[in-house]
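Below: the structure, in structure tokens.
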2 protein chains.
Amino acid sequence: MGITIKDIAKFAGVSATTVSKIINNKDENISDATRQRVLDLMKEYNYVPNKIAKSLVTKKTNTIGLVIPDIRNPFFPELARGAEDRANEKGYNIIFCNTDDDAEKEEKYINMLVEKMVDGIVFTASSRRGSEFNKGNKFSVPIVVVDRDIDIEGIKGKVTVDNFIGGYQGTKHLLDLGHREILFLSGPLKSKTSINRLEGYKKALKEFNVDFDEEYVIEGNYKSQWGYEAVKNIGNKIKYTALFCGNDLIAIGAIKALKEMKLKVPDDVSIVGFDDIYMSSLIDPELTTIRQPNYEMGYKAIDILIDALENKEKNVKKIDLIPQLIIRKSTLKR
Amino acid sequence: MGITIKDIAKFAGVSATTVSKIINNKDENISDATRQRVLDLMKEYNYVPNKIAKSLVTKKTNTIGLVIPDIRNPFFPELARGAEDRANEKGYNIIFCNTDDDAEKEEKYINMLVEKMVDGIVFTASSRRGSEFNKGNKFSVPIVVVDRDIDIEGIKGKVTVDNFIGGYQGTKHLLDLGHREILFLSGPLKSKTSINRLEGYKKALKEFNVDFDEEYVIEGNYKSQWGYEAVKNIGNKIKYTALFCGNDLIAIGAIKALKEMKLKVPDDVSIVGFDDIYMSSLIDPELTTIRQPNYEMGYKAIDILIDALENKEKNVKKIDLIPQLIIRKSTLKR
DNA sequence: CTGAAAGCGCTAACAC
DNA sequence: GTGTTAGCGCTTTCAG
């Protein structure tokens, strides 16, 4: 603050242009003597280049917006960190925004980000939205969508997890273990995410010649509290020996309810979660789950975005990461 | 992008100044007719004001840097969310940075933030640092320190938790329950945080006329893995009926080790954690712990920072939040 | 090798 | 009520 490129130029007896070139390593044609003098002066006066001014002329802020529902949701810290790491490696910073799955907030934030001239946005859409994001022609920032599959006009990329495979893997694992009555505790079936997992579940059942029964699919939300309540509500109205949960939080809630009902996991009921959040390996019993590569998702999303930004990639890049079955202690042979 | 204030001015047949005034609600002296015309035009052409340009002249970006060790550490999402919420309420955005407790990264990030002209920084210092942050005269951004108590030249505020009280509360709870052999599984005793908790522990002991024994303090780090190992290593070399852990993660590791050693929590050993992270109420047994008001810390830190920014508060504001004993299921009468 | 000039999009006196 | 002018700190032709 205070000392500018002009000051340095004056002190060094050169023009601002020269200093600018040196700062930006466009100094092939600058004599070593001049360069050294300028560099020394910059150090001496503790010169800090003003990127805002630079951005104004270059139209590039090296800042990316990360729009997620809520960083407190254990799903997102990993993703955010992956995003931040890649951004940092490439010389970008991340502005993060919590939308609480609220469409209004989403638009408000995106607007703010556009005003601040972010170079692009990585966006996890509200699970309450349908699969269309009606931005219309309103914004024009490059966007990469992550985790939740959604269509946005002019989108630059999509990084999702193959939820179909995940749903299939989890169910198959349970079937392999001999389970046949497998309850599916699903998140909101409005989102493609949940729907695809359910499809995977059906596919596995079919492979094992187990009839699909609608009663075995319970729709709720992605919170631990709901998992708890769902299990309690079901009681023994439905007979089951295994639970496939829409995410780990639901699984954790379910385990708690089961314990209270004096049912043992995995002895009485096997449980498979989805996500592999941080705490899943820390709870008792350690949770068998489908690991989502969250860190990688954030990392890749930023990677694709920056690639689109810097190399003017025109084609939309879609990546479907493969989730992985992590077998721990919450599932057992029937 | 594309359409600027000048364009709008031209379309409306007024000067850019007039449009600027309208945008910024400094329009007491603008006729309703003009205002309406301009407003309509802005909407029609989907005008997005360029805050970068604005920042360049006002020297204010309405952006704040949040520098923390690692968003994946369950301690920080809450804090980050509190910070973001307050920032958002006040019309600011947050750039977040993960330093991995690495002093070099810290400085690199702060540098980047200064270059981007953030209005201020909220900073959680590395636990590996001593209590002095040798910025020297290098930077000049307003800084508010959060969580970790550290002295920085020209600091604008400090938001910490009273760890002494926390240490006291946890230990007293155990003493009240009849425990006398209380192991203290501490984080790195280099930081004031840990030291103060230990002091609280001693104070409580003293009040109950229990002699302090150095052997009962084990120094490690704040990871669950360490809690696990510590308990395993101790085995029955030291006799204890209760564990007071430096944080919840340590406690979770300890519980796991204890289970493996066929010791029951809380029947055989009582455990108190520290932090009350998200998962603490979800594990088995639900953890008795000292709740740190993380959300509030982030919230307050931003609040103080913005206050200093906008009202030119000159005196350093220090807030010591009081932690709270949350009694759950991991402690029992001796 | 180096610099002069113009301009990025906006705001802030001050004048009318 | 509204416009003129100047300038924020930087980069970018283009000329020499």
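Each chain gets a letter, A, B and so on, in the order the sequences are listed, and its residues count up from 1.
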Rounded to whole Å, NZ of A/Lys51 lies from P of D/dG9 at a distance of 16 Å
Axis-to-axis angle across the helix from C/dC1-D/dG16 to C/dC16-D/dG1, five pairs each end, nearest 10 degrees, ~ 30°
From the list A/Asp162, A/Asp147, A/Asp320, A/Asp149, salt bridge (Lys or Arg N to Asp or Glu O under 4.0 Å) with A/Lys192 holds only for A/Asp149
query: Do A/Thr34 side-chain and C/dT2 base share a donor-acceptor contact under 3.5 Å?
result: no
In whole angstroms, the gap separating P of D/dT12 from CD1 of A/Ile5 amounts to 11 Å
ask   = Taking atom types as modelled, is there a side-chain donor on B/Asn62 or B/Lys51 under 3.5 Å from an acceptor on the other?
value = no
Taken to the nearest whole Å, CD1/A/Ile22 to P/C/dT2 is 8 Å
Backbone of A/Ala125 reached by a side-chain donor or acceptor of A/Arg148 within 3.5 Å | yes
| request: Check whether any side-chain heavy atom of A/Phe75 sits under 4.5 Å from a side-chain heavy atom of A/Met297, and report yes or no. | output: yes
Practice item. Indicate yes or no: does A/Arg35 engage A/Asp32 in a salt bridge with an N to O separation below 4.0 Å. Key: yes
Can you say whether a donor on the side chain of B/Ser20 sits under 3.5 Å from an acceptor on the base of C/dA12, or the other way round? no
* Contact under 4.0 Å: B/Tyr47 side-chain N or O vs C/dC10 OP1/OP2 -> yes
Rounded to whole Å, the CE-P distance (A/Met117 to C/dC8) equals 13 Å
Judged by nearest nucleotide, the residue sitting upstream toward the 5' end of DNA chain C, B/Ile52 or A/Ser15, is A/Ser15
Per nearest nucleotide of DNA chain D, the residue lying toward the 5' end, B/Leu56 or B/Ala16, is B/Ala16
Review point. Below 4.0 angstrom, N of the basic side chain to O of the carboxylate: do A/Arg81 and A/Glu78 qualify?
Key: no
